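All of these numbers come straight from a predicted model, not from anything done at the bench.
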Amino acid sequence: MIEKVELPLHDAAKREQQENDKSWLQHRYRDEKSLITYTAPDDLGWRYVRITPYDLITSDIRSMRTHTVLFCVGLLIAGLLLSYLVSRKLYHPIDKVLVRLRVMEAERRGSLHLLRQDFLRGALQGRETVTGGMLEERMRFYGSSIDVQRASRLVLLRIDHFTEFNETYRDETQLVKYAMMNICTETADLHYNAEAVDMGGDLITLIFNEKEELPELGQPAPNRIEELLRMMQAAVMTHLKCSISCTIGTEEDSLEDSIASYTRSAEASLHRLFMGPGCLIYTADIMAYHTKEYAFPAGKERQLVDYLMTGKTREAKQVYADIVGETAAYPFTVFQLALSHLTMTLNHVRNTLKKNNQLTLDSVSDGLMLPVKDAEDISEVHEHFYRMFDELGSKVEEKRTLKHEELIRKINGIIERDYADPNLCLTSIADELGMSPIYVSRLYKQLTLKGLTDVINETRIAKAQHLLVETENSVADIAERTGFTNSSYFYRMFKKFNGVTPNDYRRKEFHSENF
């Protein structure tokens, strides 16, 4: 823009100096900072002046500055991105190595746990031979917190109602057992270093190893461990909805001694059958049963057979329950042997009834032997036998006649009345009944599985047993009072039925009463 303006020159000298020195100046024109350029006067004395706003002059510079800054920022970002990609590329192999190391460490910890479980399981079951030094070395290698030299104790856990437990959790059974083991070891951690070992099936073994410093609880160790196990049972029931029974082993001086005591605790744990689910069993109490001698009650067995043969199911159940109940105060093998004996007796009764009375027996003829190891409560065992008793009773009831029942009752009454009479015999009984001795003998044997002479002798021996215990009469006098004509025959028959002589029987019963 060119126009005529008056220059702000104050005097001629100043104007002349400006003309000589420069041809521009800065000035605010119309309130805008501007660059004013002008020419020297022409022939007519005119000057040409150009007014250029500063914004117009500096726009290119600002644009260049903006582009420069953006370029630098872009270059910086590109550099950072390139650095990131390059470093990532370079770090990737290192990262793979670190990940692999972490995986290997996790696998090592997992494998050590499995190896420790397998080693301890083998040691407890007797598959691994352990000595103090080797045991300490292996436990240290497997990373166990157990101190093999400190006092240790085994606690065996049995999962109650294990069949239902398997049906509930199915494929997750092992996972739930692992959770149960964690619950128990964490509960015990306050007072003990603990290891849990899955023994398979319904059995878990806990190894308790007392810590070096225990808080003062003001209660003896047995009470403390009992309280701890009750807490475990409550925690398992709360979180996993299942019950466990605990067998408390004796405290041993070292882990090696505790491992050696596993068999005793495993045997003691079987007494859950008598004590029921959720019980606490002390191994020391059960081991005390080994000092007692057991004699199978042959007399009660004969009563049981009589009741079954005559269809007296209620009485048979009572006698059976007495026989089995007595075994609870003996080692578990006594219970197993008694049950086997009763099973064979019932099998004999069944076969005799089938043969003599042409009975058709269904369930009794199949699977007569109960798998005791699968039973968790004595009621399950009773239910099995009671079912057989009921079936036998119902079948006998179908075939039995009132006439036969009355005849047997009369014969037994005569024997009970006249057992002390030396002349009591098959012939005398048949004469009193007005029947043939052969018929009486055959019918009695058919209905009771016993010979009449044997029953007479059994009755006399039973009376003699009572007199030996309750009186101080001589053996010869007792033999005479029970219908035996001479003492030698009495001795022979008594030993046949009881396995001992009359004198030995008296001493044994006297000793038992005092004990």
Q.
Once side chain to side chain donor-acceptor pair (under 3.5 Å) is applied, do any residues pair with Glu480, and if so which ones, sequence neighbours excluded?
A. none
Q) Which residue pairs satisfy the side-chain hydrogen bond (donor to acceptor under 3.5 Å, both in side chains) criterion with at least one member in residues 174-183, sequence neighbours excluded? A) Gln174-Asp198, Lys177-Asp198
(Q) With salt bridge (charged side-chain N to carboxylate O under 4.0 Å, His left out) as the rule and sequence neighbours excluded, what pairs involving residues 327-338 come up? (A) none
**Q.** Results of side chain to side chain contact (heavy atoms under 4.5 Å, CB included) for Arg127 - residues two or more places apart only
**A.** Arg121, Gln125
Q | salt bridge (charged side-chain N to carboxylate O under 4.0 Å, His left out) pairs, two or more places apart, involving residues 448-462 | A | Arg302-Glu458, Asp306-Lys450, Lys450-Glu458
Q: Identify, with sequence neighbours excluded, every residue that meets side chain to side chain donor-acceptor pair (under 3.5 Å) alongside Ser265.
A: Thr283
Q: List in chain and number order the residues that pass side chain to side chain donor-acceptor pair (under 3.5 Å) with Glu167, two or more places apart in sequence or in another chain; answer none if no residue qualifies.
A: none
Q) Excluding sequence neighbours, so at least two apart, what forms side chain to side chain donor-acceptor pair (under 3.5 Å) with Thr250? A) Glu252
Q: Could you tell me which residues satisfy side chain to side chain contact (heavy atoms under 4.5 Å, CB included) with Thr485, sequence neighbours excluded, listed by chain and number?
A: Pro422
Q: Could you name each residue pair satisfying salt bridge (charged side-chain N to carboxylate O under 4.0 Å, His left out) that touches residues 234-243, not counting sequence neighbours?
A: none
(Q) Can you list everything that forms a side chain to side chain contact (heavy atoms under 4.5 Å, CB included) with Asp504? Sequence neighbours excluded, please. (A) Val500, Thr501, Arg507
Going by atom type alone, with no hydrogens or angles, which donor-acceptor pairs under 3.5 Å involve a side-chain atom of residues 324-331 and a protein atom two or more places apart or on another chain?
unit_1: Glu326; atom_1: OE2; unit_2: Lys300; atom_2: NZ; d: 2.6
unit_1: Thr327; atom_1: OG1; unit_2: Val324; atom_2: O; d: 2.5

